[in-house]
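Let me begin by presenting the structure, written as structure tokens, before commenting on it.
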Amino acid sequence: MDNNVGKRIKYYRLQRGMSQEQLALQAEINPAFLGHLERGLKSPTMTTLDKIVNALGLSYSEFFDDSTDASDTEGKRFYMDMIVNSAKRLPDDKLKIAADIMLKLTELAD
């Protein structure tokens, strides 16, 4: 069974820093079923996929974007996307703190 959809669900869930339980709760589906979807053991109905995509805060065009390598949850781009998506959710005062931390981290890496 092709697991492209399951890999995409897992990719975007991890990118948003969500556990399977958190996503399942927001999507109103069973957490064990979500695990089966991510591993490719089950395929979602359109209704279920719609709930998941909405819970992830994505459009279908974003979810199925061909430029996203959903199998790469360890690569640099994945982590860069995770940082950007996390920063977008921060209020302005916390965003400045996060930026200061990132600057300090890059100084330590030099």
Side-chain angles (χ1 to χ4, degrees):
M1 179 184 301
D2 180 17
N3 189 26
N4 188 37
V5 171
K7 287 179 183 177
R8 286 180 180 278
I9 293 168
K10 182 177 180 179
Y11 177 88
Y12 288 112
R13 176 180 62 76
L14 291 174
Q15 189 184 67
R16 281 152 177 72
M18 298 173 80
S19 67
Q20 283 184 338
E21 291 77 18
Q22 289 170 323
L23 178 56
L25 181 65
Q26 285 190 327
E28 299 176 342
I29 62 173
N30 184 292
F33 181 62
L34 178 60
H36 291 152
L37 294 174
E38 288 186 356
R39 290 190 303 280
L41 302 174
K42 301 278 185 179
S43 295
T45 63
M46 284 305 298
T47 302
T48 300
L49 185 58
D50 193 51
K51 289 179 178 182
I52 292 169
V53 169
N54 286 327
L56 290 168
L58 295 168
S59 67
Y60 275 100
S61 61
E62 291 169 313
F63 185 78
F64 288 110
D65 182 3
D66 287 338
S67 68
T68 301
D69 181 3
S71 65
D72 182 12
T73 56
E74 298 295 326
K76 184 175 182 175
R77 180 172 177 188
F78 174 77
Y79 290 112
M80 294 295 293
D81 288 346
M82 184 185 287
I83 290 168
V84 169
N85 283 326
S86 296
K88 285 179 182 177
R89 295 191 305 263
L90 292 173
D92 290 346
D93 60 326
K94 302 292 188 234
L95 185 60
K96 183 185 179 327
I97 294 168
D100 290 341
I101 291 169
M102 290 299 297
L103 287 172
K104 293 293 182 194
L105 284 172
T106 57
E107 289 172 8
L108 291 172
D110 290 337

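Each residue takes its place number in the sequence, starting with 1. Computed from a predicted model, the values in this text were never measured in an experiment.
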Between Arg77 and Asp81, is there a salt bridge with N-O shorter than 4.0 Å? yes

Regarding Lys96 and Asp100, does a basic nitrogen lie under 4.0 Å from an acidic carboxylate oxygen? yes

Using every non-hydrogen atom in the two residues, find where [X] and [Y] come nearest and quote the distance to one decimal.
X     : Y     : answer
Lys51 : Ala27 : CD-O, 3.2 Å
Met82 : Gln15 : CG-O, 3.3 Å
Leu49 : Pro44 : N-CB, 4.1 Å
Arg13 : Glu38 : NE-OE2, 2.6 Å

If we count only N and O atoms by modelled type, under 3.5 Å, do the side chains of Ser59 and Ser61 hold a donor and an acceptor together? yes

Heavy-atom side-chain contact between [X] and [Y] under 4.5 Å:
X     : Y     : value
Ile52 : Leu34 : yes
Leu58 : Arg16 : yes
Leu56 : Leu23 : yes
Lys7  : Tyr11 : no

Side-chain ([X]) to main-chain ([Y]) donor-acceptor, under 3.5 angstrom:
X     : Y     : answer
Arg39 : Gly35 : yes
Arg8  : Ala70 : no
Tyr60 : Asp50 : yes

